[in-house]
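Presented below is the structure to which this report refers.
Both backbone and side-chain heavy atoms feed into the values below; hydrogens, waters and symmetry mates do not.
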Amino acid sequence: LGSTTGIIVTLSEVATVTGSPQLSLETGTNDAILDYTSGSGSTTLTFNYTVTTGDTSIDLDYGGTSSLVLNSGAINDAAGNSATLTLASPGASNSLGANKALVVDGIVPTVLSVSSNSANGYYNEGDTLMFTVTFSEAITVTGTPPKLTLETGITDALADYYSGSADTTLVFRYIVANGHSSTDLDYTDTTALVLNSGSIADAAGNAATLTLASPAAVNSLGANKALIIDTTIPVITAVTSTTPDGSYNAGDTITINVIYSESVNVTGTPQLTLETGTVNAVIDYSSSTGDTILTFRYIVTSEHESNDL
């Protein structure tokens with residue numbers, strides 16, 4: 001993209017050019033129209049071609065035998081004879097395609113989607129997640145590796161480039177740090193992918209467009225994956241009881257509730273030790289209420305005593 005080359009049309013004799021003859025090249029969806037640049041008074045006319053966005057050709061040639069036109073100008077010999085403008089058929093002997101092997105790539109690589117190789121679910125401090133940024137064509141990373149900024153609460157996280165140069169997919173690595181939080185992990189915005197003084201370009205040297213889909217939109221990380229970041233440690237905020245104040249005898253049941261700052265999952269059988277005099281009571285976990293309240297049931301025995309349990 002942006003490269004310029006001179007296309008040379010050789011005539012059988014010296015010609016004089018007036019006005020601006022044009023040459024059409026076959027460059028994909030939109031043909032390139034080249035204006036005459038120089039060569040009047042010689043046998044070779046030059047038409048400069050600059051590759052523009054969207055141009056593509058695996059072997060550059062003009063579109064047909066009538067691709068050279070006067071465009072209200074003139075190409076004449078010294079006697080005033082108008083030159084015949086018929087070209088060799090594209091790809092045939094003496095054509096541009098036969099004489100040169102010019103590959104045109106004016107297609108700029110773009111980001112198609114952002115996803116992750118990590119499974120959906122919860123992640124906490126120290127866990128590693130891998131993200132994939134898929135481009136429209138193979139690209140090469142050079143210089144200082146790029147970074148991807150993630151929305152992780154008060155402090156945004158930077159995912160570092162990990163691998164993928166010379167492929168269509170770049171891999172970034174993120175290690176969850178203390179304080180990071182997200183109910184559905186995504187990058188910060190459409191400009192979250194940055195070069196970081198490096199480069200991302202295709203084989204032709206076209207710098208990739210790094211614009212991402214809007215967070216949570218189709219093809220975004222948030223839309224493609226359900227990754228939950230939670231580094232907040234649940235803490236006990238209170239221990240209380242739903243049993244009324246009063247005196248209790250052997251055989252009575254007292255419900256003890258341990259309340260946490262957030263929902264917790266219980267495995268196995270946690271225990272709570274109560275101060276009940278000479279012999280302490282050890283009671284087993286019974287159930288959860290709303291996932292933030294753990295319930296323990298205590299049955300008073302004859303050797304237990306307490307003035308304020």
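For the residue pair L1 and V51, the shortest heavy atom distance occurs at CD1-O, 3.7 Å. Closest approach of N206 to D105, counting heavy atoms only: ND2-O, 2.8 Å. When every heavy atom of V279 is checked against every heavy atom of H304, the shortest pair comes out as O-CD2, 3.4 Å. Here the shortest heavy-atom pairing between V300 and N249 reads CB-O, 3.2 Å. Among all heavy-atom pairs drawn from D202 and I107, the shortest one is OD2-O, 3.3 Å. Annotation for N48 and T37: closest pair N-OG1, 3.1 Å, computed over non-hydrogen atoms.
Under the 4.5 Å side-chain contact rule for hydrophobic residues, L195 and I139 share a cluster. There is a path of hydrophobic side-chain contacts, each under 4.5 Å, that joins L85 to L87.
Side-chain atoms of S241 and T255 include no donor-acceptor pair closer than 3.5 Å. Of the N and O atoms on the side chains of D55 and Y49, at least one donor lies less than 3.5 Å from an acceptor on the other residue. Between the side chains of T191 and D189, at least one donor N or O sits under 3.5 Å from an acceptor N or O. Judged by distance alone, the side chains of N124 and T231 never bring a donor and an acceptor atom under 3.5 Å apart.
In this structure, S288 and L294 have side chains that are in contact, with non-hydrogen atoms separated by less than 4.5 Å. Within the 4.5 Å cutoff, side-chain heavy atoms of F172 are placed close to those of V133. With a 4.5 Å cut-off on side-chain heavy atoms, D184 and D186 do not count as touching. Here the side chains of L170 and L193 are not in contact, with every heavy-atom distance at 4.5 Å or above. Inter-residue side-chain proximity for F131 and L185 is flagged as met; some heavy-atom pair is nearer than 4.5 Å. Between R297 and I283, the closest side-chain pair of non-hydrogen atoms is not below 4.5 Å. Residues E262 and T292 are not in side-chain contact: their nearest non-hydrogen atoms beyond the backbone lie 4.5 Å or more apart. Within the 4.5 Å cutoff, the side chain of T243 has heavy atoms near those of the Y248 side chain.
Going from atom CG of N117 over to atom CE of M130 covers 7.5 Å, rounded to the nearest 0.5 Å. Separation of atoms CG (N71) and CG (D35) is listed at 7.0 Å; rounding is to 0.5 Å.
No donor-acceptor distance shorter than 3.5 angstrom exists from the side chain of N280 to the backbone of T273, with no hydrogens or angles considered.
At most 12 non-hydrogen atoms from other residues, nucleotides or ligands lie less than 6.0 angstrom from CD of E305.
Classification of the F296-Y285 ring pair by plane angle, with boundaries at 30° and 60°, yields perpendicular.
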